[in-house]
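Just below is one structure, and these are the notes that go with it.
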Amino acid sequence: YKGEGIVSGSLEKVWECLKPVPNGLRVKWDNNVKKFELLEQITEDISICRTVTPSAAMGIIAPRDFVDVILVKQYEDGTISSNATNVSHPSCPPQSGYVRGFNHPCGCICVPISGEPNKTQVFSFFQTDLGGLLPRSVVDSFFPSSMSEFYGNLAKAVKSLKDF
């Protein structure tokens, strides 16, 4: 799945809402992120993290957890990307109460819009295997509405930030 939208807010504010860090803003506004844990900091830009999601689709989709290696990169034009893919980590085996999901290469890209410092173009790419025994129809019906909700909630979160 690919999403694309223009968010009213500076790149810095948008990134503040999206950046994949423990105790970050993402767990406050993104309904699909219940918990975000740092398992290992490899370098300044590369980390291994566990993301926990709540149950979804009126409980049809059980809580999931995902373990990913994440690369955050900033480019000369100001663009910031967060790129992730599934990885195993010895400190985080599958846990009771969660279905282990797998992210194929995915991420978010925040691109400054030339001449519009208070607007940011956001691209999101997801190719997720939710794991478990979910019918394909349930998965297919969940992701489009989930992505639409993601952009709406991101816009609200950015708007609620004070200037910094």
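Between Gly131 and Val99, the shortest heavy-atom distance links the atoms C-CG1, 3.8 Å. Pro93 and Pro90 get closest at one heavy-atom pair: CD-O, 3.9 Å. The shortest non-hydrogen separation linking Pro112 to Cys110 is CD-O, 4.0 Å. What you find for Cys17 and Leu154 is that their closest heavy atoms are CB-CD1, 3.7 Å. When every heavy atom of Ser146 is checked against every heavy atom of Asn32, the shortest pair comes out as OG-ND2, 2.6 Å.
Note on residues 20-50: pairs passing ring-ring contact (aromatic ring centres under 6.0 Å, His included), not counting sequence neighbours, are Trp29-Phe150. Pairs passing the ring-ring contact (aromatic ring centres under 6.0 Å, His included) check and including a residue from residues 46-99, sequence neighbours excluded, do not occur. Counting only residues at least two apart or on different chains, no ring-ring contact (aromatic ring centres under 6.0 Å, His included) pair has a member in residues 99-137.
Hydrophobic clustering of Ile, Leu, Val, Met, Phe, Trp and Tyr side chains at less than 4.5 Å, counting indirect connections, keeps Val27 apart from Val67. In the hydrophobic clustering of this structure, Ile113 does not group with Val7; members are Ile, Leu, Val, Met, Phe, Trp, Tyr whose side-chain heavy atoms approach within less than 4.5 Å, directly or through other members. A single hydrophobic cluster is not seen to contain both Ile48 and Val72; linkage of ILVMFWY side chains at heavy-atom distances under 4.5 Å, directly or through other members, places them apart. No single ILVMFWY cluster, assembled from side-chain heavy atoms under 4.5 Å apart, contains both Leu11 and Val111. Ile109 and Leu25 fall into different hydrophobic clusters, where Ile, Leu, Val, Met, Phe, Trp and Tyr side chains are chained together by heavy-atom contacts under 4.5 Å.
Side-chain atoms of Arg50 never come within 3.5 Å of backbone atoms of Lys35 as a donor-acceptor pair (strictly under, hydrogens ignored). With Asn83 contributing its side chain and Leu71 its backbone, the two residues share a donor-acceptor pair below 3.5 Å.
Side-chain contact check for Thr51 versus Asn103: every heavy-atom pair is 4.5 Å or farther apart. Using a 4.5 Å heavy-atom cutoff, the side chains of Asn118 and Lys13 are not in contact. A heavy-atom distance below 4.5 Å is found between the side chains of Cys92 and Arg100. Looking only at side-chain heavy atoms (C-beta outward), Val158 and Thr120 stay at 4.5 Å or farther from each other. Annotation: side chain of Ser82 is not in contact with side chain of Leu18 (no heavy-atom distance under 4.5 Å).
Between the CG atom in Asn31 and the CD atom in Glu149 there is a gap of 4.5 Å [rounded to 0.5 Å]. Expressed to the nearest 0.5 Å, how far CZ of Arg26 lies from SG of Cys108 amounts to 5.0 Å. Note: Gln127 CD to Lys2 NZ = 14.5 Å, rounded to the nearest 0.5 Å.
The side chain to side chain contact (heavy atoms under 4.5 Å, CB included) search around Ser47 returns Leu38, Gln41, Cys49, Ile70, not counting sequence neighbours. For Ser124, the side chain to side chain donor-acceptor pair (under 3.5 Å) partners at least two apart in sequence or on another chain are Tyr151.
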Taking distance alone, no hydrogens or angles, what donor-acceptor pairs closer than 3.5 Å link side-chain atoms of residues 53-63 to residues at least two apart or in another chain?
residue, atom, partner, partner atom, Å
Thr53, OG1, Arg64, N, 3.2
Thr53, OG1, Arg64, O, 3.4

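A 6.0 Å sphere centred on CG of Asn23 holds no more than 12 heavy atoms belonging to other residues, nucleotides or ligands.
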